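One structure below.
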Amino acid sequence: MTVLARRIASIPRRTSVETWHVISELLAPAGTPARTTLDAATGPAAMLIAEEVTGAAPIILSGGGPQLRIYTLHGEAAMEADLDQELGFPFVPTAGDWALSLPASPEDLEAVGAALAAISPRLSVRDSTDDDGVAVASRRSASIPTINTVELEQP
Amino acid sequence: MTVAVRTNVTAYATTHVATNMLRGLKQIIQGCGLDPNLLMTQWAVLEKGVATWLASGHLQALVLEIFDPSDRVDDRRGRFDFTIDYGYYTDGDGELWLDPRAVRQAILKAGSYPSACGYRFVADTAPGAPRVDGWSDTTLRSTAGMARRTVGTAIGGGSMGASLAYYTRS
């Protein structure tokens, strides 16, 4: 499985909502059908970003192309981040069939899951403390030699 | 260059304090047994308003009012206030920090509420505050007969500090 990763500066460089808008723009540029879905998820997604769970566990977009993993940077890492590294993808990740998984702490799973289910079946939440699937995928991606190292998922 | 750095410090402190007050509200809502769905649906409007009014210096307090909609005589059940002190650090170089223990202590002291209770957010702003979409004018419920207790400063950054207080019916 090919995996591409991005790290997006968040609080205090950006508010949680501003951070989600940057992520949404990477995944579904304005005017695309998927953008409406991502905009509708702003509340729960921004809340999870504010909780910093997306700093350690990625937002995962799966579709027809590579799996995309978006992490957020917080604190000093966000303040010192080079925003030029927040590169867009050379394709529209949500152009075809796609699904987005958000990480959440165990106490947020039920409420966030219900909120996302009411928006779209393409959106789901997973336990950020039980990310075996991500870890397995990370080990696989580390052996892929053809991807720009800037984009490689770090193990 | 110094001016640019100062601008960034101020902007970062504003964002830090604004977002972490919302995190504190979430912690209180969940810790007190209330449904966090309303907070999630209003998150963007809340963050926009709080960040805007912190940046302009108009936000005096962010208030969480808890009430029982079935009680037509006196629906007040509890209240939490984040009160802003814009001169908490006189040199304006305060680090960005958060003390979740202060929030936990307020939750512990205030106790839990029936899940049927509702809540709302009220921003207490100084005259001249800019308008922010999604917010409307209102009046806080009376605190007559309620006891206010402060647990200390929960969030700091730049020149700002946000102290947390809770109210209980006496």
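Keep in mind the model is a prediction, meaning the values are calculated, not measured. Reminder, nothing fancy here: chain letters follow the sequence lines and each chain counts from 1.
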Margin query: What I want to find out is whether B:R79 reaches B:D81 closely enough, with some N-O distance under 4.0 Å, to be called a salt bridge.
Written below: yes

Check: Which region of A:E107, side chain (C-beta onward) or backbone (N, CA, C, O), has a non-hydrogen atom less than 4.5 Å from a non-hydrogen atom of chain B, or is it both or neither?
Finding: both

Checklist line | Among A:G75, A:A111, A:A50, residue most engaged with chain B (heavy-atom pairs, under 4.5 Å) | finding: A:A50

Next item on the list: Answer with side chain, backbone, both or neither: which region of A:E110 has an atom nearer than 4.5 Å to a non-hydrogen atom of chain B?
Entry: neither

Notebook entry, point to check: Using non-hydrogen atoms only, which part of B:A44 is less than 4.5 Å away from chain A: side chain, backbone, both, or neither?
Noted result: both

Note to self: Parallel, tilted or perpendicular, judged at 30° and 60°: which one describes the rings of B:W53 and B:W135?
What the structure shows: perpendicular

Notebook entry, point to check: Side chains of A:S16 and B:E47: donor-acceptor distance under 3.5 Å anywhere?
Noted result: yes

Note to self: Check this for me, if you would: do B:D71 and B:R76 make a salt bridge, where the nitrogen-to-carboxylate-oxygen distance has to be below 4.0 angstrom?
What the structure shows: no

Checklist line | Heavy-atom closest contact (A:R14 atom, A:E18 atom, distance) | finding: CA-OE1, 3.4 Å

Next item on the list: Using non-hydrogen atoms and a 4.5 Å limit, figure out which bit of A:T42 sits close to chain B: side chain, backbone, both or neither.
Entry: side chain

